[in-house]
Every structure is written in structure tokens, then in C-alpha cells.
Amino acid sequence: MKAGILMNADTCSCEKNRIDTGKIDSIVEAHERTQASLIPVLQEIQAEYGYLPEAAMDVVGRSLNLSVTQIFAVVTFYKQFRLTPQGEHLIKVCHGTACHVAGAEGLSVALRQDLGVGDGETTGDRKFTLESVACLGCCSLAPVIMVSDDTHGRLTPDKAKKVVAKYGGDQAEGPRQEGEG
Amino acid sequence: MDDTPRIIVGLGSCGMAAGAKDVLAAIEGELVAQGVDARVEKTGCVGLCYREVIVDIVTSAGKVTYGDVTAKMVPRLISEHVIEGRPVDEWTVLTEDGGPEQPFLERQYRIVLRNCGRIDPENIDDYLAVGGYQAIDKALKTMTPEAVIEEMKSSGLRGRGGAGFPTGLKWEFTRKAAGDKKYIICNADEGDPGAFMDRSVLESDPHSVIEGMLIAGFAIGAEEAYIYCRAEYPLAIKRLNIALDAARESGYLGRDIRGSGFNFEIKIKEGAGAFVCGEETALMASIEGKRGMPRLKPPFPATSGLWAKPTCINNVETFANVSWILQNGGDKYAAMGTEGSKGTKVFALTGKIARSGLAEVPMGMSLKEVVFDVGGGIKGGGRFKGVQIGGPTGGCLPASIIDTEVDYDSLTKIGATMGSGGMVVLDQSTCMVDLARFFLSFAQLESCGKCVPCRVGTKRMLEILDRITEGRAAEDELDTLKTLAEDIKSASLCGLGQTAPNPVLSTLRYFEEEYLAHIRDGHCAAGVCSNLTKVVISQKFCRQCAVCIRHCPVQAISGARHELTDIDQTQCIQCRICVATCPWDAIFVVSPRTAELVEPEREVVEEK
């Protein structure tokens with residue numbers, strides 16, 4: 001099955017599946033060619049593309065001398081790796097203990113409703129991907145969400161929606177935390 | 001020292017989440033605008049997370065710490081304090097000889113957190129100025145590796161990651177293990193929800209961890225080390241990288257360190273989101289580029305660890321203690337604490353506690369002192385119900401045993417664990433069955449699937465807990481739950497499975513009546529279990545403003561502005577958004593579902 005998809009990626013002419021493997025080559029070349037490099041290499045590829053394109057797996061396998069099966073075993077074990085493209089902004093709703101006790105579920109419900117997507121899904125305009133995570137370590141400010149790399153704390157369902165709305169505009173960088181606290 | 005005023009902003013993750021970057025920008029802008037000569041400095045987290053953003057202003061008259069600082073407050077702080085020399089008392093949280101938050105610090109003894117919030121974590125000179133890297137210098141110049149290990153043994157330090165194995169012994173085993181190549185690993189995969197002391201130390205004082213690892217490397221005879229840090233901590237990783245580069249430039253990492261002939265190098269490995277990788281054998285599998293699954297012990301990492309070489313693996317907090325012990329002596333460390341647990345422990349105080357943050361206290365302090373004296377008691381006047389300690393696989397302890405002293409052995413005895421030191425304080429709004437279900441679902445989700453008791457057993461336990469919280473369980477299922485819990489504890493392969501049933505066992509032990517109320521009466525006293533509750537609008541208190549109608553995600557509320565409103569129970573998904581957003585506190589949660597709303601005695605608000 002995987003081989004079919006890989007061939008697809010090589011031969012498919014549609015824009016979506018065509019990726020620039022040059023970047024992958026340069027990422028792989030910066031690492032030692034051992035299995036220990038697998039996770040860092042995958043992390044860097046995901047940082048570059050926002051997900052792990054199937055074709056990348058083939059390049060990595062050849063470079064590190066690993067089978068695609070071995071790579072998929074690792075990719076599917078760790079929650080960080082995704083096989084589908086993510087939105088421009090990744091929203092992580094913290095469901096750690098302190099956030100759970102402080103009403104994290106309410107934030108998730110509100111954001112699911114607001115964005116019209118379920119957990120782990122991406123909005124139609126590819127702006128946002130919504131996720132639940134275990135703990136962001138900002139327990140004193142519970143409940144907390146992280147949008148891209150910015151943490152926002154002391155939220156209510158309404159405030160969470162407002163925070164996310166600010167990332168929906170066209171500004172390149174996320175705005176700061178007006179209206180919180 | 002010159003007399004130029006210094007303005008120091010706390011830039012830990014907590015501070016940044018509370019808006020510290022805005023405050024920093026406002027300070028820099030205001031200094032230019034008002035034409036003031038002052039140095040703006042950055043520091044990490046002092047532990048007063050509940051008062052973030054924290055700003056220190058240091059003048060020739062001394063240091064004043066301000067809390068809850070916003071950008072709007074900056075002009076006044078600059079003009080009154082920095083220019084006119086009059087501190088703004090109403091915003092002050094700490095001064096050199098007191099301040100309203102002094103009780104939080106008074107009972108603490110800071111070893112691990114000694115530099116947190118006091119130095120710039122991105123500047124190695126700050127660390128050197130407070131005596132940093134003197135312990136490794138001392139070890140390299142005046143001590144043998146054996147003497148270092150003896151010092152660690154005499155300190156009585158036990159691993160702060162949770163299991164509590166004596167650190168000196170672990171070092172000795174690794175040193176004596178046969179092997180040409182040995183490794184040091186710092187476990188910074190702080191996955192426990194509710195624990196953030198490792199994050200804070202890495203963000204606020206990364207060099208102390210690096211120095212601890214250097215000393216361990218020297219003592220054990222290892223030249224290569226890894227820090228395995230979870231990817232959810234981007235700021236910690238960034239500051240570690242800065243610190244490693246600076247240490248390399250200053251000759252504290254690399255070849256022939258300080259002319260001693262000792263070589264040592266540290267690499268960072270980012271985790272990829274798997275809680276089980278906090279378990280040492282799983283962590284090592286992950287560094288090797290494999291699925292992070294644990295294996296049976298023995299062999300222990302000390303004899304066969306990373307790539308089957310002898311490996312010493314310690315937690316962040318453990319390493320942060322090391323240089324202090326070497327500088328001050330193991331005896332001084334061992335003078336604090338109890339018979340079996342020496343020194344101090346950092347706790348992450350969260351939940352319904354007035355002062356949530358990081359507190360480092362001597363071992364042996366009672367839970368009561370930690371929660372009430374240091375933590376300031378319950379937030380918002382709630383009733384203290386209990387404390388959940390030791391992370392997701394720790395235990396829930398009731399108010400009745402709050403006098404228990406905090407050490408490894410006493411906590412184990414009462415059915416909890418020290419874990420990494422997360423302490424979640426609970427009040428009457430927490431349902432213990434729901435909490436046990438929450439922790440178990442976490443463990444179940446994070447089970448790697450390798451061994452059957454953990455993979456299947458936790459799933460079966462979770463199903464029973466689901467039925468209880470939904471009011472569909474039979475009473476004898478509690479026995480099944482207990483049996484399963486004991487079996488999973490004794491038969492699981494690694495620490496995750498062996499401790500996963502703890503939250504259920506401890507809540508069953510101390511809060512069984514809550515389980516019975518759910519099963520027998522369909523009653524959730526905290527009003528949390530949504531299948532046993534309904535949300536109703538009190539017509540007495542409702543002012544017909546229609547805010548709830550606008551916020552309801554499923555249009556379950558009928559009516560309109562200036563009209564009677566009502567919730568259609570068949571449509572309501574119990575999200576409670578209406579309860580949170582009602583400006584009149586007129587929407588109530590009622591349990592059991594069959595009960596009528598009993599409105600509280602209070603005045604009806606006519607206008608707001």
C-alpha cells in the first residue's frame with residue numbers, strides 16, 4: 001500500500017503531492033546517518049512542511065538505511081508527527097490536571113463550535129488546526145491554550161474565542177494578549 | 001556597581017503567557033519617551049506565578065518587586081519609582097524586608113530554585129557571578145570521582161523524578177559498571193500534567209542543570225550526555241541551546257575542560273509527544289530513534305542503558321541540586337529533611353489554591369503547611385477538599401490527613417507518591433470520581449500498548465468509571481475495579497502501568513461515598529458529571545438579557561431578550577458555557593437530574 005502511495009508521489013502531476021525533496025536532502029545531510037537521527041530529522045521535516053509528506057519518508061528511509069515500515073512505526077507512535085498538512089496556526093488546548101479542574105473542556109467546546117472543526121481537525125481555510133494536549137506546564141494560569149508558540153492563560157470560553165480570532169487576520173505574527181488576565 | 005537603576009522583567013513561560021513581552025516593550029518604550037537612563041534586564045521565574053507579570057525595580061535604595069504588572073502600569077512605575085524614587089506601594093508584592101507576598105517565600109528554602117528569577121538565564125556571566133561553575137572547578141581541581149560520589153551519598157539526595165532512588169548510589173553503580181563508554185542523560189520529559197518545576201528550572205537557570213551533568217560525567221567517567229526535553233517546552237529548549245553554546249565558549253564543555261583533561265559534551269534531544277518516554281528505558285529507546293517503549297528491568301540502565309552502555313539517568317531537579325551539594329557539602333544538605341528523605345523538594349502548587357506557583361520547601365514539612373502557610377489556602381473562599389499529589393499516577397488525599405509530612409515514605413504509606421511534585425489543590429467543585437476518571441483516561445491514552453495489563457486493564461477500568469460517572473454502574477463493579485487495579489499494579493511492565501491505578505485506588509480509599517452516591521442515587525455532589533446533572537435557569541434571578549441564548553452552542557435555550565428563557569434538556573450538551581457567561585449568576589447545575597432547583601437565598605439583582 002505504501003509503495004503505491006510513494007510511486008504516486010513520484011509520478012503524480014498534481015500540485016499538492018509535489019514536494020521539493022531538495023530541502024529534505026539538506027536536512028538529512030546535516031545529521032549522522034544512523035537511526036538515532038530519525039526523530040530529529042522527522043521533526044525538522046515537519047517544521048519545514050507542517051506535516052510529514054509521504055514522499056519524504058522514502059527519502060529519509062534511503063538516507064538512514066531504514067525501511068518505510070520502521071519509519072512509520074516511529075511516526076505513528078509519537079503524537080507530534082502528523083501525516084496530513086496542518087493549518088497555519090496550531091491551537092493546543094491544554095487538558096492537564098489544573099486546566100481540567102479549571103474548565104478546559106469548556107474552552108474546547110467553545111473553540112470546536114467557533115471553528116466548526118473537531119479535535120485534531122483543520123479548518124477549511126487552513127488557518128487553524130485544533131488539538132487537545134496533555135499539559136503545557138503553565139498550570140498557574142489555567143485554563144491555558146497555545147496558539148502557534150504563544151501561550152495564553154486565565155481564559156474563559158469567550159476569551160479563548162477572542163484570542164483565536166486575533167490570529168485569523170492577515171498579520172504575519174500573532175498578536176499579544178490584550179483582554180486577558 | 002554603578003547606581004543606574006535596573007528594571008528586571010520575569011520572562012518564564014508563565015510570565016510570557018500573562019503578557020510579559022508587552023510589559024517589556026512598554027518599559028523599553030517608556031524609558032526612551034521619558035528619557036530615563038536605566039538598564040532593562042530579563043530573568044526567569046521566581047515562582048510567584050499567581051502574580052505574573054512580575055517586574056523588579058532595583059535602585060540604590062534596594063529592590064522592589066511588583067506583581068500583576070500590565071503595560072498600562074509602566075509609565076507610573078517609571079515616573080514615580082525610577083525617576084522620583086518613590087516605590088508604588090499599592091502594586092508592590094515584595095520588598096527587601098517584607099511585602100504582602102512574603103509569606104509565600106518565608107517558609108521556603110531554595111536550593112534548586114536558588115537562581116530562578118534572580119539571574120538572566122540567557123547570560124552565563126550572571127550565573128558565574130552567583131558562584132556558578134565553581135563546583136565543577138572544585139571537583140576537577142581538588143576531588144577524585146570517588147570523593148564526588150561520596151559527597152553525593154552523604155547528602156542523601158534521592159532522584160527527584162519520582163521513584164526516589166538514591167542519586168549517589170546510582171552514580172556509584174554506573175561508575176563501577178564495566179564498559180568503555182558511558183552516558184549521562186538528563187530526563188527533562190516532564191510529562192506529568194500539573195508539574196512544571198523542570199520547565200521553570202530549565203527556563204530560569206539552565207546552567208545549574210548543565211553543571212550538575214558535568215559533575216555527574218566527571219564522577220561516573222562519561223564524556224557524552226543527552227538532555228531529553230519535551231517538545232512542548234520550546235522556551236526551555238531555546239534557553240538550553242543558548243546556555244550550551246555559552247558553556248562551550250567559556251570552556252565548560254568540550255575537550256580538556258579547564259585544562260583538566262576531562263572531556264564532556266551535551267546534546268539536546270527533543271521529545272516527540274509520548275508521556276511514556278518519561279520512563280527511563282522508553283526514553284533511551286526514543287533517543288536511539290525507536291518507538292519509545294519501555295523494556296523489562298533488570299538490566300538497569302546503570303549496567304546496560306543507552307546503546308547497551310552503562311548510563312546514568314537523572315531528572316532536571318536532581319541535577320540542579322548537585323552543584324549546591326558539592327559547594328556546601330553533603331552534610332549540610334542532609335541536615336534538612338526527614339530520616340529517609342533529605343534536602344528540599346520543589347512543588348508545583350496549582351488548582352484551587354490562593355498562591356499557585358513553585359515552592360521549594362524542606363522535606364518533612366506537612367501538607368497542611370505547604371497548602372495553607374506557603375500556598376495561602378483555598379482560592380476564592382472555597383472549602384478544602386483534598387490534594388492530588390504525584391502527577392497523573394499519584395494519589396488523591398483527603399483533608400483529614402493533611403497533617404502528613406511530605407517525604408517519599410510517608411506519602412507512599414498513605415497511598416500517594418511524591419512523583420515529580422505536582423500538587424493540585426481541590427475544593428468542593430471537584431468530583432473525585434471524575435478526577436479519577438480523568439487521570440485514568442490520561443494513563444490509558446498514554447499506554448504504549450506493549451504489556452496487556454496496562455493496555456487492556458486500564459481500558460476495562462476506564463469503562464467502569466465511565467459507567468459510574470454516567471450513573472449506569474452496578475455496586476459490585478467497585479469490587480471489579482479494585483481487583484483490576486491491584487492486578488494492573490502488580491503485573492504491568494513499567495512504572496506507568498504499575499502506578500496508573502493509583503488515582504482510582506486512593507479515591508476509592510478516601511472518597512468511596514462519592515462513588516456510592518453516583519451509583520446509588522445518580523448524584524454528583526460537585527455537579528461535574530454531566531450525565532447526572534441538568535442545567536436550569538432560575539426565573540427568580542434571570543433578568544432576561546438573552547446573553548445565554550447568544551452563547552449556547554446548540555441553540556438549546558429558547559426565548560429572547562425581555563422574554564422568559566428556558567433550556568431544552570433534550571438539546572442541552574451540558575457544556576456550561578451559559579453558566580459561566582450569565583451576568584446574573586442565574587443559571588444553576590442541578591444533580592441528580594431528577595431533582596428540582598433549590599434557589600439559594602440571596603437578593604435578586606435588578607440592574608448591573
Side-chain angles (χ1 to χ4, degrees), chain A residues 34-43 46 64 66 70-71 73-81 92 94-103 105-106 108-110 112-114 133-142 144-146 149-154 156-158 176-178 180-181, chain B residues 13-14 16-19 21-22 49-50 52 68 70 190-196 199-200 231-234 269-275 286-293 348-352 356-357 388 391-392 422 424 426 429-430 435 438-439 442 446 448 551 553 573 575-577 580-581:
Chain A
T34 62
Q35 183 163 5
S37 302
L38 177 58
I39 293 172
V41 162
L42 294 174
Q43 283 169 330
Q46 181 158 299
L64 300 183
L66 296 169
Q70 281 172 302
I71 298 175
V74 168
V75 167
T76 52
F77 183 83
Y78 296 98
K79 282 192 294 290
Q80 184 185 33
F81 296 125
K92 296 177 183 172
C94 180
H95 283 257
T97 317
C99 289
H100 176 75
V101 174
E105 190 53 34
S108 279
V109 169
R112 283 200 290 263
Q113 172 217 356
D114 198 39
V133 296
C135 186
L136 295 171
C138 284
C139 314
S140 302
L141 299 172
V144 170
I145 67 171
M146 193 187 256
D149 268 346
D150 305 326
T151 315
H152 303 264
R154 294 171 186 153
T156 60
D158 260 0
R176 296 308 313 165
Q177 304 81 356
E178 257 175 79
E180 285 172 37
Chain B
S13 282
C14 293
M16 307 247 264
K21 274 190 190 164
D22 276 356
C49 307
Y50 59 104
E52 291 286 1
D68 303 315
T70 61
E190 184 175 54
D192 281 11
F196 52 95
R199 172 183 65 69
S200 191
E232 287 85 346
Y233 288 173
K269 284 277 181 179
E270 275 184 51
F275 176 73
S286 181
I287 293 181
E288 291 172 5
K290 301 172 187 157
R291 285 163 76 93
M293 288 167 127
L349 305 176
T350 58
K352 305 294 165 70
S356 64
Q388 200 282 336
V424 186
L426 312 168
S429 68
T430 310
L435 193 67
F438 166 76
F439 285 126
F442 177 80
E446 296 292 345
C448 78
H551 281 94
I573 56 165
C575 67
R576 321 279 173 96
I577 288 175
T581 49

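As the structure is a prediction and not an experimental result, all values here were calculated from the model. As a basis for the values below, the full set of heavy atoms in this structure was taken, side chains included, without hydrogen atoms, waters or symmetry mates. Below, read A as the first sequence line, B as the second, and so on, with proteins coming before strands; counting in each chain starts at 1.
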At their closest point, which heavy atom of A/Ala98 faces which heavy atom of B/Gly351, and how far apart are they?
CB-N, 4.4 Å
Does B/Gly271 offer a backbone N or O that forms a donor-acceptor pair with the side chain of A/Gln43 under 3.5 Å?
yes
Can you tell me how far SG of A/Cys135 sits from OH of B/Tyr233, rounded to the nearest 0.5 angstrom?
5.5 Å
Please look at A/Ala102 and chain B and tell me whether the side chain, the backbone, both or neither of the residue comes under 4.5 angstrom of a heavy atom of that chain.
neither
Closest heavy-atom pair, B/Pro193 versus A/Ala134, reported as atoms and distance to 0.1 Å, is CB-O, 4.1 Å
Under 4.5 Å between any side-chain heavy atoms of A/Phe77 and B/Met293, yes or no?
yes
B/Glu52/A/Arg154 under salt bridge (charged side-chain N to carboxylate O under 4.0 Å, His left out): CA gap, chis, key distance, verdict
CA-CA 11 Å; B/Glu52 291 286 1; A/Arg154 294 171 186 153; over 6 Å; no
So, the side chain of A/Gln80 versus the backbone of B/Gly273: is there a donor-acceptor pair under 3.5 Å, distance only?
no
What's the spacing between A/Gln113 CD and B/Cys575 SG if we round to 0.5 Å?
8.0 Å
Would you mind checking which part of B/Ile287 comes under 4.5 Å of any heavy atom in chain A, side chain (CB onward), backbone (N, CA, C, O), both or neither?
backbone
Considering all heavy atoms, the nearest B/Phe196-A/Ser140 contact
CZ-OG, 3.4 Å
As an exercise, state the distance from CG of A/Asp150 to CE of B/Met16, rounded to the nearest 0.5 Å.
8.5 Å
Under a 4.5 Å cutoff for heavy-atom pairs, which residue among A/Cys139, A/Gly96, A/Ala142 has the most contacts with chain B?
A/Cys139
Largest heavy-atom contact set with chain B, pairs under 4.5 Å, which of A/Val74, A/Thr156, A/Leu38:
A/Val74
Sort out for me which of B/Glu190, B/Glu232, B/Gln388, B/His551 touches chain A most, counting heavy-atom pairs under 4.5 Å.
B/His551
Do A/Thr97 and B/Asp192 touch side chain to side chain, with heavy atoms closer than 4.5 Å?
no
Between B/Thr581 and chain A, with a heavy-atom cut-off of 4.5 Å, which part of the residue counts as in contact: side chain, backbone, both or neither?
side chain
Quick check for you: to the nearest 0.5 Å, what is the distance between A/His100 atom NE2 and B/Phe442 atom CZ?
13.0 Å
Report yes or no: does B/Arg291 contribute a side-chain atom to a donor-acceptor pair with the main-chain N or O of A/Ala73 at less than 3.5 Å?
yes
Heavy-atom distances under 4.5 Å only: say whether B/Glu270 touches chain A with side chain, backbone, both or neither.
both
Within the distance-only criterion (no hydrogens, no angle test), does the side chain of B/Lys269 pair as donor or acceptor with the backbone N or O of A/Ala36 below 3.5 angstrom?
yes
Quick check on B/Thr350 against chain A: is it the side chain, the backbone, both or neither that has a heavy atom closer than 4.5 Å?
side chain
In short, A/Leu141 meets B/Cys14 closest at the heavy-atom pair CD1-O, 3.1 Å
One should read off an interatomic distance between A/Gln35 CD and B/Glu288 CD, to the nearest 0.5 angstrom, of 8.0 Å
Mind ranking B/Ser356, B/Gly289, B/Ala272 by heavy-atom pairs under 4.5 Å with chain A and telling me who comes out on top?
B/Ala272
B/Ser286 versus chain A, the contacting section by heavy-atom distance below 4.5 Å:
both
Report the distance from atom CD of A/Glu105 to atom CZ of B/Phe438, rounding to the nearest 0.5 Å.
10.5 Å
Scored by heavy-atom pairs under 4.5 Å with chain A, the best of B/Ser200, B/Gly292, B/Ser429 is B/Gly292
Atom group of B/Ala348 that falls short of 4.5 Å from chain A, counting heavy atoms:
neither
